Asks: 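Please read through the structure below; I'll follow up with questions.
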Amino acid sequence: MLPHDVLSQVQAELLDFRGSSMSVMEMSHRGPEFEQILAEAVADLRLLVGIPSNYKILFLQGGGYGQFAGVPLNLLGAGQTADYVVSGGWSQAAAMEARRYGSVHIAATTESTQFTQIPAAQNWAFSPAPAYVYVCSNETVFGNEMHTLPMAQNLPAPLVCDASSHFLSRPIDITQYGVMIAGAQKNVGPAGVTIVIVRDDLLDRAQIACPTVMHYQTMAQHNSMLNTPPCFSIYVVGLVLKHLLTHGGLAAAQIRNVEKSRWLYDALDASSRFSCPVRKQDRSRMNVVFTSGDAVVDAAFLAFAEARGLKQLKGHRSVGGLRASLYNAMPMAGAAALVEAIAEFERII
Ligand code: PMP
């Protein structure tokens, strides 16, 4: 979901962006209007998260999957090993992709629990001198989230984090990370732009084979404008950043997200029909997975919810069941309506 007032502003500016007589979709990315859009988006993200000047902010293309390759191509030197913590399908896919470009060590995995929990940090078993340690801090499909991460000083290498599906849902201490990647399309804007935040000392480690459009240092030197950036997506991201800044920033977003997800988890824990398989302390505030354990009942609930205007509750095709995504822009009333629907469904079934 995107904030309603952001979508309204996009609509109002769609045909004529602020008196330019052009749509953002039509303008040159080298023109003054777009240059300002990009500069403001970078500055607003820096302000919102509190990103110090020794980190670069890149707006790239290729999505999360692009960065599954981009990370090893930029950070994994010849003969080095990268350590992956596998807590779900996305970290697993990232590890698979990295194997194309170098040696990968699985430092921990909870696959045997079907990713209903996060591997405990004290059990992460690192290789002797990893190039980086990789985590996915919110596993969108399995509905688990890392609510605490080890401090950088307790890790053998820079932490690389795929934060795609909960980026900007809570405060971030970016100084604990070497690289953070986030596809925009969950919390921050439309598909088509991928945000990469890189600490300066990690900019010059890329493999020779790293494609220029993925090359962190080159893209940083060109301010994400080596080639045509995804202008319209960056424009909408910029509006979402301003929206967050005027609504209390990330601390306020976190308070809303804690509250929304708590309502739903409490309802599921009290439910006689549905349950959430994820261990309590590892539950995601963004992606709440649940099931009745019976595909027929799940399908009936899906239809029941659809009829009440509650959309897109189907679990990911790889796991089935149900999933409610409570991204930043989901209003409190949306979560409340789902809680009510669960209670009513239980009464009539
Ligand atoms: N990482 C996470 C956490 C995701 O949720 C997704 C997609 N839902 C991806 C990576 C892959 O992103 P993309 O589809 O942009 O390649």
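Just follow the structure's listing: the first ligand is 1, and inside any ligand the first atom is 1. This structure is a prediction, so every number in the text was calculated from the model and none was measured.
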Asks: With heavy-atom distances below 4.0 Å as the criterion, list the atoms of ligand 1 near C136.
Replies: 3 (C)
Asks: Can you spot which of N138, T140, N144 makes a side chain to side chain donor-acceptor pair (under 3.5 Å) with N287?
Replies: N138
Asks: Among all the protein's non-hydrogen atoms, which is closest to atom 11 (C) of ligand 1, and how far away is it?
Replies: W90 CZ3, 3.6 Å
Asks: Suppose I only count heavy atoms of S165 and a 4.0 Å limit; which atoms of ligand 1 are within that range?
Replies: 3 (C)
Asks: Purely on distance, is any nitrogen or oxygen of F68 under 3.5 Å from one on ligand 1?
Replies: no
Asks: So that I can tick it off, tell me whether R262 and E259 are bridged by a salt bridge, with the cut-off set at under 4.0 angstrom between side-chain N and carboxylate O.
Replies: yes
Asks: Say whether Q312 and S325, considering side chains only, have a donor N or O and an acceptor N or O under 3.5 Å apart.
Replies: no
Asks: Where is the nearest protein heavy atom to atom 16 (O) of ligand 1: which residue, which atom, and how far?
Replies: Y65 N, 2.9 Å
Asks: Determine whether any heavy atom of G183 lies closer than 4.0 Å to an atom of ligand 1.
Replies: no
Asks: Are the side chains of P277 and F142 in touch, meaning some heavy atoms are under 4.5 Å apart?
Replies: no
Asks: Among all protein heavy atoms in this structure, tell me which lies nearest to atom 3 (C) of ligand 1, with the distance rounded to 0.1 Å.
Replies: T140 OG1, 3.3 Å
Asks: Hey, are R283 and E145 close enough for a salt bridge, meaning a charged N less than 4.0 Å from a carboxylate O?
Replies: no
Asks: Atom 8 (N) of ligand 1: which protein heavy atom is closest, and how many Å away?
Replies: K186 NZ, 2.8 Å
Asks: Can you list the atoms of ligand 1 that are under 4.0 Å from a heavy atom of Q185?
Replies: 13 (P), 14 (O), 15 (O)
Asks: Which option, V193, N138, D162, owns the non-hydrogen atom nearest atom 2 (C) of ligand 1?
Replies: D162
Asks: Just checking I208: does its CD1 atom have more than 12 heavy atoms from other residues, nucleotides or ligands closer to it than 6.0 angstrom?
Replies: no
Asks: Note the single closest protein heavy atom to atom 13 (P) of ligand 1, along with its residue, its atom name and the distance in Å.
Replies: G64 N, 3.4 Å
Asks: Is a side-chain donor or acceptor of N257 paired with a backbone partner of S169 at a separation under 3.5 angstrom?
Replies: yes
Asks: Checking side chain to side chain donor-acceptor pair (under 3.5 Å) for the pair D294/S292: CA distance, chi angles, key distance, verdict?
Replies: CA-CA 5 Å; D294 179 338; S292 65; 5.4 Å; no
